[in-house]
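One structure is given below, encoded as structure tokens.
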Amino acid sequence: MAREWTGIQNFPLATQTKLLKLLTTLKEKERDSVTILVMGKGGVGKSSTINSILGERAVAVSAFQSDVPRPVMVSRERSGFTLNIIDTPGIVEGGYVNDQALELIKRFLLNKTIDVLLYVDRLDSYRVDNLDKQIIKAITDSFGKEIWHKGIMVLTHAQLTPPDCLGYDEFFGKRSEALLKLLDSGSLFRKREVLGHQVPVALVENSSRCNKNDNEEKILPNGTAWIPKIVEVITEVATNGSNSIVVDQKLIDGPNANERGKVFIPLILTAQYIFVGLVKKWIKDDIAKAPKSSWE
Ligand code: GDP
Ligand code: MG
């Protein structure tokens, strides 16, 4: 059951006005609910981002015990519109994707429809490595590459001073480019296809020390009020014409390993039959060719 979205009243008036306008836009497009799935490594700021967007402490945040142990869905209702946000535990453990954690998430999502995926990472990390690739691949393998048509790359810790005399926009450009390149690298997908779709990027600063504008709205170093901005991007993605991802049993089971090889069984049996026949013939020929000993 969805609770009334009272957190919206905690925002400065300017933000409230923009958010309510976006909800109206969604309702005009005949959307009366949006379900957002939030995924990413542990400790990157998934739960904090959810709380920031809702304007209330809806899910637990912790600097140390890095994560919620299981997925949770928070639902909020506002003038006939329902916003569902699903927080998930990070799917990485000891440097690898934890398949069990992934299974838990998939089972939680059964019979739900994902309208938007927030893939969360930090803006202030400098490298894109094999682990990032593994996570993106795990998400792609779980939900299909179409999920990225519903994806937003969310970068937290956005209030930073870039290193090496780089300008803010330049740094942001380089960091997001590296992550988007990973998405489009082709190695993620079966058949080496590329995504061919630009995933939008949204910046987030969850810290209470985030700078504010004259309207008391939290702003990024480039002056953008980021909460209405990310909700705007969510609205665009939710209504971008690509299909939402319906999580059914078939999707969860994936391309069934038992089924996959079945078509080859008759082929293999035939090959085996022919091969055994050949070997038998060779042995027979060999015996026939061998010089007979005198005692024979
Ligand atoms: P999760 O494991 O991905 O859900 O990450 P959390 O939301 O629990 O955040 C982990 C830690 O990072 C907490 O101490 C948060 O306060 C902190 N944190 C999250 N987002 C930001 C951010 O945008 N800026 C800063 N400075 N800290 C953040
Ligand atoms: Mg969390």
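- Each of Leu203, Val233, Val201 was evaluated against Met153; a single residue qualifies, Val201, per the side-chain contact (heavy atoms from CB on, under 4.5 Å) test.
- Phe108 and Ile91 fall within a single hydrophobic cluster, where Ile, Leu, Val, Met, Phe, Trp and Tyr are joined by side-chain heavy atoms under 4.5 Å apart, directly or via other members.
- A donor-acceptor pair under 3.5 Å links the side-chain atoms of Thr239 to the main chain of Thr235, judged by distance alone.
- Across every non-hydrogen atom of Asn10 and Gly55, the tightest pair is ND2-O, 2.7 Å.
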When you look at Leu19 and Leu23, which way does the side chain to side chain contact (heavy atoms under 4.5 Å, CB included) test go after all the steps? CA-CA 6 Å; Leu19 294 185; Leu23 293 193; 5.6 Å; no

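- For Arg78, there are no salt bridge (Lys or Arg N to Asp or Glu O under 4.0 Å) partners, not counting sequence neighbours.
- The only option from Val246, Ile245, Ile86 that meets the side-chain contact (heavy atoms from CB on, under 4.5 Å) definition with Lys112 turns out to be Ile86.
- The shortest distance between side-chain heavy atoms of Asn84 and Asp115 does not fall below 4.5 Å.
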Assess the residue pair Val204 and Ser52 against the criterion (side chain to side chain contact (heavy atoms under 4.5 Å, CB included)); give the C-alpha distance rounded to whole Å, side-chain angles, the decisive distance to 0.1 Å, and a yes or no. CA-CA 9 Å; Val204 162; Ser52 293; 5.5 Å; no

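- Lys289 has no carboxylate O lying under 4.0 Å from a charged side-chain N of Asp285, or vice versa, which leaves the two without a salt bridge.
- Hydrophobic clustering, with ILVMFWY side chains joined whenever heavy atoms are under 4.5 angstrom apart, groups Phe11 together with Leu22.
- Between Ile114 and Thr35, the closest side-chain pair of non-hydrogen atoms is not below 4.5 Å.
- By the ring pair (Phe, Tyr, Trp, His ring centres under 6.0 Å) test, His149 pairs with His197, sequence neighbours left out.
- For residues 48-62, every residue pair satisfying the salt bridge (Lys or Arg N to Asp or Glu O under 4.0 Å) rule, not counting sequence neighbours, is listed here: Glu56-Arg76.
- A single hydrophobic cluster is seen to contain both Trp5 and Val72, as judged by linkage of ILVMFWY side chains at heavy-atom distances under 4.5 Å, directly or through other members.
- Qualifying side-chain contact (heavy atoms from CB on, under 4.5 Å) partners for Asn111, counting only residues two or more places apart in sequence or in other chains: none.
- Looking at Ile136 and Leu182, their side chains come closer than 4.5 Å, going by heavy atoms from C-beta outward.
- The pair Asp132-Lys41 meets the salt-bridge criterion, with a side-chain N (NZ, NE, NH1 or NH2) lying under 4.0 Å from an Asp/Glu carboxylate O.
- Residues forming a side-chain hydrogen bond (donor to acceptor under 3.5 Å, both in side chains) with Thr49 (at least two apart in sequence, or on another chain): Asn206.
- Leu20 and Leu13 fall into different hydrophobic clusters, where Ile, Leu, Val, Met, Phe, Trp and Tyr are joined by side-chain heavy atoms under 4.5 Å apart, directly or via other members.
- Looking at Leu123 and Tyr168, their side chains come closer than 4.5 Å, going by heavy atoms from C-beta outward.
- Listed by first and then second residue, the salt bridge (Lys or Arg N to Asp or Glu O under 4.0 Å) pairs that reach into residues 158-174 come to none, sequence neighbours excluded.
- A single hydrophobic cluster is seen to contain both Ile283 and Leu278, as judged by linkage of ILVMFWY side chains at heavy-atom distances under 4.5 Å, directly or through other members.
- Qualifying side-chain hydrogen bond (donor to acceptor under 3.5 Å, both in side chains) partners for Lys280, counting only residues two or more places apart in sequence or in other chains: none.
- Around atom OH of Tyr126, more than 12 heavy atoms belonging to other residues, nucleotides or ligands sit under 6.0 Å away.
- Between Ile152 and Ala202, the closest heavy-atom pair is CG2-CB, 4.0 Å.
- The salt bridge (Lys or Arg N to Asp or Glu O under 4.0 Å) contacts involving residues 208-233 comprise Lys18-Glu217, Lys229-Glu232, where partners must be two or more places apart or lie in separate chains.
- In Glu4, the CD atom is crowded: over 12 heavy atoms of neighbouring residues, nucleotides or ligands sit closer than 6.0 Å.
- Contact annotation: the side chain of Leu83 approaches that of Leu54 to within less than 4.5 Å [non-hydrogen atoms, C-beta and beyond].
- A salt bridge (Lys or Arg N to Asp or Glu O under 4.0 Å) check over residues 147-156, counting only residues at least two apart or in different chains, returns nothing.
- Side-chain atoms of Glu146 do not come within 3.5 Å of backbone N or O of Asn243 as any donor-acceptor pair.
- In this structure a side-chain-to-backbone donor-acceptor pair under 3.5 Å is missing from Trp148 to Val199.
- Counting all heavy atoms, side chain and backbone alike, Cys210 lies closest to Ile219 at SG-O, 3.3 Å.
- A donor-acceptor distance shorter than 3.5 angstrom exists from the side chain of Asn51 to the backbone of Val59, with no hydrogens or angles considered.
- With contacts defined as side-chain heavy-atom distances shorter than 4.5 Å, the pair Leu117/Phe143 does not qualify.
- Counting heavy atoms from C-beta outward, Ile53 and Ile234 have side chains that approach closer than 4.5 Å.
- Evaluation of the side-chain contact (heavy atoms from CB on, under 4.5 Å) rule for Ile252 yields Lys106, Leu110, Val247, Gln249 as partners, not counting sequence neighbours.
- Evaluation of the side-chain hydrogen bond (donor to acceptor under 3.5 Å, both in side chains) rule for Asp124 yields Arg122 as partners, not counting sequence neighbours.
- Residues meeting the side-chain hydrogen bond (donor to acceptor under 3.5 Å, both in side chains) test with Ser48, sequence neighbours left out: none.
- By the 4.5 Å heavy-atom criterion applied to side chains, Pro221 and Thr161 are not counted as neighbours.
- Looking only at distances, no side-chain donor or acceptor of Glu77 sits under 3.5 Å from a matching main-chain atom of Thr82.
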